[in-house]
Amino acid sequence: MDGTLLNSEGLVSTEFFELFKELKSLDVLFVAASGRQYYSIRHKLGTIEKDIHIIAENGGMTLHQGVELASVVMTQDNVIMILDSCKQIEECYIVLCGKKGAYIHRSQQEFINTLAEYYNQFTVVDDLYAIEEDEIMKIAIYHNDGSETNLYPHLKHLESHLSVKVSAANWLDVSLHQTNKGNALELLQKEYDITQDETVAIGDYNNDLEMLTKAHYSFAMENAHPNVKKAANYTTKSNDENGVEYIMQKIIKAKDVSKLL
């Protein structure tokens, strides 16, 4: 979503929704895969929610028409390990990402305006260690001065146990190794008997890397992280130039993914 389908203002173009109708008429299965929570993705794409599949929280949960198809959750020991590590990082904001919603500590309420752009459903709590009535799929950490230099060096030691992904300029996500968009996409490919040669994947940041390996037609946005440009087989225009819509137009014109290029 961010940096790919959404423009720099966090908006979906009206062109996208028109092109989606044409994709649907061609029986193309559309999947919105994001590090965002399900409720935020649903908010951005509400008018077509019943017609698409959603991979939320970087593969933490896969849904169709609000029904959970699969999920991957962490143990409390995982959560404690991550929270303890974050104590060593100055000026970071911590978000526990659960199935029911997100959770932020009461001491970080100044972060709420930023949080609300990505998490439509969240709760302010007194103790992040004491979330008992939800299943946590991911912990997202935000730093105003950048995630790659201010968060990753402090959390990369967790990689022997967990997945540590720089997922956006200011965000870093920690989850189980099996929690990624690629595994979630592969589940849908198997369910609908769709091959990699019949799959188009478009991404911009490191949390898209596994997903790109599941599609022969893998595209990096022009604004993508260098790792993504290296991993993708092709490139498209930037998110502010409607790069996703540009590829959608090509699919519609070809009327067959195998004839896309």
Side-chain angles (χ1 to χ4, degrees), residues 1-6 12-13 16-72 99 118 137-138 165 167 173 175 178-221 224 228 231-234 236 239 242-252 256-258 260:
M1 296 288 287
D2 297 279
T4 302
L5 181 59
L6 303 181
V12 183
S13 73
F16 165 79
F17 291 103
E18 292 302 316
L19 291 171
F20 174 79
K21 294 176 184 177
E22 296 188 60
L23 282 186
K24 183 182 175 184
S25 71
L26 294 173
D27 271 344
V28 174
L29 180 70
F30 186 89
V31 182
S34 179
R36 286 176 176 253
Q37 71 173 179
Y38 164 67
Y39 305 102
S40 175
I41 301 170
R42 187 178 68 177
H43 174 72
K44 295 288 185 181
L45 299 175
T47 59
I48 61 171
E49 179 203 355
K50 293 182 179 179
D51 298 315
I52 66 175
H53 286 67
I54 292 176
I55 295 173
E57 307 288 9
N58 287 336
M61 189 160 54
T62 304
L63 306 99
H64 179 50
Q65 297 185 349
V67 178
E68 180 184 315
L69 304 179
S71 64
V72 186
K99 290 185 177 181
Y118 304 94
M137 298 172 287
K138 182 189 81 178
K165 287 282 186 182
S167 58
D173 297 328
S175 59
Q178 61 266 40
T179 304
N180 61 70
K181 298 178 187 180
N183 285 341
L185 178 59
E186 185 176 2
L187 180 151
L188 293 176
Q189 287 172 320
K190 291 178 178 178
E191 175 69 21
Y192 292 97
D193 194 24
I194 296 171
T195 68
Q196 291 191 15
D197 286 340
E198 297 169 321
T199 303
V200 177
I202 310 173
D204 75 297
Y205 238 90
N206 293 338
N207 57 333
D208 295 317
L209 291 172
E210 292 90 351
M211 177 182 71
L212 295 175
T213 68
K214 305 299 179 181
H216 172 70
Y217 297 99
S218 57
F219 288 85
M221 303 295 291
V228 175
N233 291 328
Y234 308 99
T236 184
N239 61 322
N242 290 1
V244 171
E245 291 86 342
Y246 178 70
I247 300 303
M248 292 171 73
Q249 288 172 343
K250 284 184 171 292
I251 296 171
I252 292 164
D256 185 338
V257 169
S258 66
L260 178 58

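Residues passing the side chain to side chain contact (heavy atoms under 4.5 Å, CB included) test with E210, sequence neighbours excluded: K165, N180. The ring pair (Phe, Tyr, Trp, His ring centres under 6.0 Å) check on Y38 picks up nothing, with sequence neighbours excluded. Under the ring pair (Phe, Tyr, Trp, His ring centres under 6.0 Å) criterion, F30 pairs with F16, F20, not counting sequence neighbours. S34 meets the side-chain hydrogen bond (donor to acceptor under 3.5 Å, both in side chains) test with no other residue; sequence neighbours excluded.
Here the side chains of L45 and L5 are in contact, with some heavy-atom distance below 4.5 Å. V228 has its side chain out of reach of D204: every pair of non-hydrogen atoms, C-beta onward, lies at least 4.5 Å apart. L188 is listed as a side-chain neighbour of L69, based on a closest heavy-atom distance under 4.5 Å. Side-chain atoms of E22 and E18, non-hydrogen and from C-beta on, never get closer than 4.5 Å to each other.
Rounded to the nearest 0.5 Å, atoms CG (L23) and NZ (K21) are 12.5 Å apart. Of the inter-residue distances, the one linking E198 atom CD with L29 atom CG reads 11.5 Å to the nearest 0.5 angstrom. Once rounded to the nearest 0.5 Å, the distance linking CD of Q37 with CZ of R42 reads 9.5 Å. Taking CE of M1 as the reference point, atom CD1 of I41 lies at 6.0 Å (rounded to 0.5 Å). Annotation: the span from L212 atom CG to F219 atom CZ amounts to 11.0 Å, rounded to 0.5 Å. Once rounded to the nearest 0.5 Å, the distance linking NE2 of H216 with OH of Y234 reads 3.5 Å.
The minimum heavy-atom distance linking M221 with T236 is given by the pair SD-CG2, 3.6 Å. Of all non-hydrogen atoms in S13 and E245, the two that sit nearest each other are OG-OE2, 2.5 Å. Annotation for D208 and G203: closest pair OD2-CA, 3.3 Å, computed over non-hydrogen atoms. Across all non-hydrogen atoms, the minimal contact from G3 to N239 is O-CB, 3.4 Å. Heavy-atom minimum distance, I251 versus L26: O-CD1, 4.4 Å. Residue L6 comes nearest to D2 through the heavy atom pair CD1-OD1, 3.6 Å, listed as atom of the first residue, atom of the second, then distance.
Applying the side-chain hydrogen bond (donor to acceptor under 3.5 Å, both in side chains) test to residues at least two apart or on different chains, the pairs with a partner in residues 24-33 are K24-D51.
A donor-acceptor pair under 3.5 Å links the side-chain atoms of S218 to the main chain of N233, judged by distance alone. A donor-acceptor contact shorter than 3.5 Å links the side chain of N183 to the backbone of Q178. Distance alone, capped at 3.5 Å, is enough to place a donor-acceptor pair between the Q189 side chain and the K214 backbone.
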Could you list the donor-acceptor pairs under 3.5 angstrom formed between side-chain atoms of residues 52-65 and any protein atom two or more places apart in sequence or on another chain?
from, atom 1, to, atom 2, distance (Å)
H53, NE2, Y192, OH, 2.8
E57, OE1, K138, NZ, 3.0
N58, OD1, G35, N, 3.4
N58, OD1, N207, ND2, 2.8
N58, ND2, D173, OD2, 2.6
H64, ND1, I52, O, 3.0
Q65, NE2, K50, O, 3.0

